[in-house]
Visitor: 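A single structure is presented below for examination.
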Amino acid sequence: MEQATGVLRGSAHDDVVLESIQFNEEIRGIMAPAPAPENGSSFTALLELPPTQAVELLHSPDCAAAAREPPCHVNTNQKPYLLDSYGGNLTFPSNAALIERAAKFSVFAGENSPPEDAARLAPTSLSGAVKNEPQETDSNPCSTQGCVSDPAVETKNERTPKRKEREKKGKGSLKKSKGIADESSGDGEKLPYVHVRVRRGQATDSHSLAERARREKINARMKLLQELVPGCNKISGTALVLDEIINHVQSLQRQVEFLSMKLAAVNPRIDFSLDSLLATDGSSVMDSNLTSMATPVMWPENLADGNRQHYQQQWQFDAFHQPLWGREEANHNFMTPEHSLLSYDSSANSASLHSNQLKMEL
Amino acid sequence: MRNQSSVKQEFLRKWITGLRRYSCEKKNMSFFERKKAIKLSADLAMASTRDKTTRWSQALIANNTDNVFIASSSSSSPKKSSSSRSRNMTTLMRRSRPTRVKSAKKEMSSARCIAKRLMEKRTRKLKNLLPGGESMDEGCLVAETLDYIQSLRDQIEVMRCLVTASQLIINPS
């Protein structure tokens with residue numbers, strides 16, 4: 001009884017330590033097949049375990065809280081299944097992540113463990129061959145690691161703060177588990193096939209699982225998109241992110257239009273000398289583009305000369321050379337709005353220039 | 001990801017080839033015609049660099065090739081075959097469109113309805129933006145958008161380089 005009270009106090013303290021570990025399902029799983037001793041006053045009766053095991057279970061969180069090393073010696077005296085399920089690892093990591101990982105391993109170990117373990121773990125349906133979400137694996141560490149002071153301590157009063165803590169975690173899919181039936185509904189798929197994280201309380205038929213997998217794939221891709229589109233990282237919420245993406249795509253398309261218009265303006269004919277462009281076609285055309293363009297080539301020279309002549313002389317020239325000079329000024333206008341993506345304004349400019357030029361021709 | 005510079009080079013080459021074909025077929029073109037030709041050849045070149053690995057590129061080629069290159073005498077053979085192939089592909093894709101799995105949720109709160117409606121609006125908008133986006137489901141849409149944005153960026157960079165280059169030629173100041 002001294003142990004019990006000591007453990008009570010210790011477990012109250014351990015609540016904080018083991019806050020991230022959720023025991024409720026475990027508790028209920030343990031308690032459900034043993035309805036008779038539920039109302040018993042002793043923790044061991046609640047656990048439906050032999051007293052020695054209960055003691056060891058109760059001892060373990062103390063160890064976790066105080067020193068990181070468990071009373072292995074205590075455990076070794078007890079049933080070996082705990083050792084087996086750990087795979088020899090009896091340390092109780094304080095880190096919740098480690099606990100979760102250990103839980104997963106223990107789940108695996110629990111699969112292969114001898115029948116007594118299976119029998120022992122069977123009541124807790126969650127400890128089946130299931131790859132659950134980290135929070136849901138808490139039951140497994142509880143069952144296997146034995147840091148189940150909570151089930152040991154578990155009274156009705158204790159249960160509610162745990163439930164509140166868990167719901168504080170913010171898992172929307174968590175619902176108050178009513179019994180093993182609910183827990184079993186929260187099980188995911190068997191391990192070797194699809195690695196899908198299943199939340200508690202969600203359906204486990206193949207359709208919803210496939211849908212969930214698809215959803216996760218889509219979400220991963222959305223994250224990539226978010227990184228690609230500038231300024232999307234800070235936005236939360238898919239609708240707003242989509243808005244940003246749409247704006248980005250629209251702006252890119254407008255840029256393409258604008259640049260093609262600019263090119264049409266700059267060049268009287270669509271006649272690019274491939275030789276000059278690919279003259280220094282080594283690894284990077286982009287770098288060499290400007291330099292190669294600077295070297296005079298056939299048609300640009302003619303063009304430049306022709307432009308100067310026509311600019312100095314008259315307007316009877318081919319309409320294509322006129323827009324060149326008309327556009328030259330417009331190009332300067334284009335330079336600034338280019339990056340502000342006012343392509344529609346520039347199109348208005350070009351259209352007006354075009355009309356002016358037409359008037360001049362007439 | 002993709003080898004950026006090689007993609008850009010390929011795009012540039014294809015684009016210029018397309019433009020040359022345009023230039024020899026029609027001598028005098030108005031400004032807008034030229035602009036359209038430039039843009040079209042750029043888009044097609046960009047789409048062809050994806051080698052029909054993406055749906056948007058196939059749709060782009062399919063939509064544009066009918067109008068332009070078949071009409072013109074000097075249609076590039078790869079583009080023509082690609083158009084027929086892409087047409088088959090689009091029909092195949094439409095046929096094999098994956099059927100949506102209905103959500104198992106029976107009751108939806110009003111907030112969820114609103115959110116769903118918002119999402120639908122936006123996905124529809126995105127589908128309209130993307131070439132060939134109508135026949136895509138959501139997952140495909142997101143992937144295609146990713147690829148499309150990258151391709152557009154490359155295209156814009158190449159075009160900008162070309163613009164500045166040709167401006168330098170004409171105005172060697």
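Since the model is a prediction, treat every value here as computed from it, not as a measurement. Lettering of chains follows the sequences in order, A, B, ..., and the numbering in each one begins at 1.
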Visitor: Do the non-hydrogen side-chain atoms of B/Met159 and A/Gln255 ever get within less than 4.5 Å of each other?
Guide: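 Contact flag for B/Met159/A/Gln255 side chains = no.
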Visitor: Could you give the distance from CG (A/Asp243) to NZ (B/Lys121), rounded to the nearest 0.5 Å?
Guide: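 These two atoms lie 9.0 Å from each other.
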Visitor: For residues A/Leu259 and B/Val163, report the shortest heavy-atom separation together with the two atoms involved.
Guide: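 Nearest heavy atoms, A/Leu259 then B/Val163: O-CG2, 3.9 Å.
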Visitor: Between A/His248 and B/Arg153, is there a side-chain donor-acceptor contact under 3.5 Å, judged purely by atom types and distance?
Guide: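 Short answer, yes.
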Visitor: With sequence neighbours left out, write down each residue that passes salt bridge (Lys or Arg N to Asp or Glu O under 4.0 Å) with A/Arg215, or none if nothing qualifies.
Guide: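 B/Glu138.
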Visitor: Roughly how far, to the nearest 0.5 Å, is the NZ atom of A/Lys217 from the CZ atom of A/Arg214?
Guide: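 If we round to the nearest 0.5 Å, A/Arg214:CZ and A/Lys217:NZ are 8.5 Å apart.
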Visitor: Which one of A/Leu225, A/Ile218, A/Leu242 has the most heavy-atom pairs closer than 4.5 Å to chain B?
Guide: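 When all of A/Leu225, A/Ile218, A/Leu242 are compared, A/Leu225 has the most.
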Visitor: Assess the side chains of A/Ser208 and A/Asp205: does a donor N or O sit below 3.5 Å from an acceptor N or O?
Guide: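 There is such a pair between these side chains.
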Visitor: Heavy-atom pairs under 4.5 Å with chain B: which of A/Val249, A/Ile245, A/Asn219, A/Ile246 has the most?
Guide: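 Option with the top pair count is A/Ile246.
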Visitor: Please list, in residue-number order, every residue in residues 226-235 of chain A that has a heavy atom less than 4.5 Å from any heavy atom of chain B; write 'none' if there are none.
Guide: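 Within residues 226-235 of chain A, near chain B: A/Leu228, A/Val229, A/Pro230.
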